Visitor: 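Shown below is the structure under consideration.
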Amino acid sequence: MPPSNVFKDNVEISPEAEALRTEADAPARNQAAGSGAVVAIDDDCLREQCAARLCPECPERAEADEQRLRALAEMDNFKKRLQREKDEQVRYAAEVVLADLLPTLDNLDLALQYGRGNAACKDMLIGVEMTQKLLLDALKRHGLEPVGEAGEPFSPEIHEAIGAEVRSDLPENTVCALMQRGYRLKDRLLRPAKVTVSRPE
């Protein structure tokens with residue numbers, strides 16, 4: 001017969017657990033004393049009694065619970081971070097392609113700017129304006145919007161000042177001229193508008 005302080009699977013138990021086993025065996029031994037039968041408590045039952053009496057105050061269990069909760073919180077934060085990165089990637093997936101189209105939009109602006117001074121280009125300008133409008137409408141559906149207009153207050157968030165002009169007819173720090181249009185993709189600035197800014201004399 002195996003020693004009393006060893007489970008069936010040869011795992012040693014603590015003195016406290018052995019005391020629980022003895023205490024739990026006592027009524028059964030008293031009841032079976034007359035018949036001479038040997039009664040042994042089931043190991044699963046012993047584990048349940050041990051857990052009920054010792055584990056609530058066990059520092060190892062408290063530490064294990066704390067580690068488990070910390071791991072669950074870290075996993076939840078990790079999942080949220082992955083979801084945010086995925087949403088950000090989907091939201092701005094077209095950024096590289098749209099940025100590559102900006103020089104094309106610039107060239108259309110230049111063609112309209114210089115063609116308006118030439119009467120011979122009138123019919124061609126109509127086609128260029130229509131092409132520009134169709135392209136801007138298509139890009140707007142993907143979140144691209146032009147920024148920067150002459151006469152609006154200068155804002156370092158969307159404007160890049162490349163010069164200053166003394167203008168008595170405009171308030172200070174007002175956009176005098178738009179040199180190159182800027183563009184914004186949803187709430188992210190792709191390129192600031194290059195402008196000249198008014199200054200006092």
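In what follows, every heavy atom counts, from backbone to side chain, and hydrogens, waters and symmetry copies are set aside. Note that the structure is predicted; figures quoted are calculated from it, not measured.
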Visitor: Just jot down the side chain to side chain contact (heavy atoms under 4.5 Å, CB included) partners of Ala161, sequence neighbours excluded, or say none.
Guide: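 Checked Ala161 against side chain to side chain contact (heavy atoms under 4.5 Å, CB included); matches are Phe154, Val197.
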Visitor: My understanding is that only residues two or more places apart in sequence, or in another chain, count here; which of them pass side chain to side chain contact (heavy atoms under 4.5 Å, CB included) with Glu172?
Guide: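 Partners of Glu172 under the side chain to side chain contact (heavy atoms under 4.5 Å, CB included) test: Pro200.
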Visitor: Would you please name every residue forming a salt bridge (charged side-chain N to carboxylate O under 4.0 Å, His left out) with Asp137, sequence neighbours left out?
Guide: Lys133
Visitor: Only counting residues at least two apart or in another chain, list the ones meeting side-chain hydrogen bond (donor to acceptor under 3.5 Å, both in side chains) with Asp106.
Guide: Gln180, Arg191
Visitor: Would you mind writing out the side-chain donor-acceptor pairs for residues 142-151 within the sub-3.5 Å range, not counting sequence neighbours?
Guide:
unit_1	atom_1	unit_2	atom_2	d
Glu149	OE2	Arg181	NH1	2.8

Visitor: With sequence neighbours excluded, what pairs up with Arg188 under the side-chain hydrogen bond (donor to acceptor under 3.5 Å, both in side chains) test?
Guide: Glu88, Glu95
Visitor: Would you please name every residue forming a side chain to side chain contact (heavy atoms under 4.5 Å, CB included) with Pro153, sequence neighbours left out?
Guide: none
Visitor: Output all residues satisfying salt bridge (charged side-chain N to carboxylate O under 4.0 Å, His left out) with Lys186, sequence neighbours left out; order by chain, then residue number.
Guide: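 None.
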Visitor: Using the side-chain hydrogen bond (donor to acceptor under 3.5 Å, both in side chains) criterion, which residues pair with Asn77? Sequence neighbours excluded.
Guide: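 In terms of side-chain hydrogen bond (donor to acceptor under 3.5 Å, both in side chains), with neighbours along the sequence ignored, Asn77 is linked to no residue.
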Visitor: Taking salt bridge (charged side-chain N to carboxylate O under 4.0 Å, His left out) as the definition, give me every residue that meets it alongside Lys79, ordered by chain and number, with sequence neighbours left out.
Guide: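 For Lys79 there are no salt bridge (charged side-chain N to carboxylate O under 4.0 Å, His left out) partners, ignoring immediate neighbours.
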Visitor: Output every pair passing side-chain hydrogen bond (donor to acceptor under 3.5 Å, both in side chains) with a member in residues 153-164, not counting sequence neighbours, ordered by first then second residue.
Guide: Glu152-His159
Visitor: Whether the Thr196 and Glu165 side chains hold a donor-acceptor pair (N or O, under 3.5 Å, no angle test) is what I'd like checked.
Guide: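 Result is yes, a qualifying pair exists.
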Visitor: Using the test salt bridge (charged side-chain N to carboxylate O under 4.0 Å, His left out), find all partners of Arg70 that sit at least two apart in sequence or belong to another chain.
Guide: Glu66
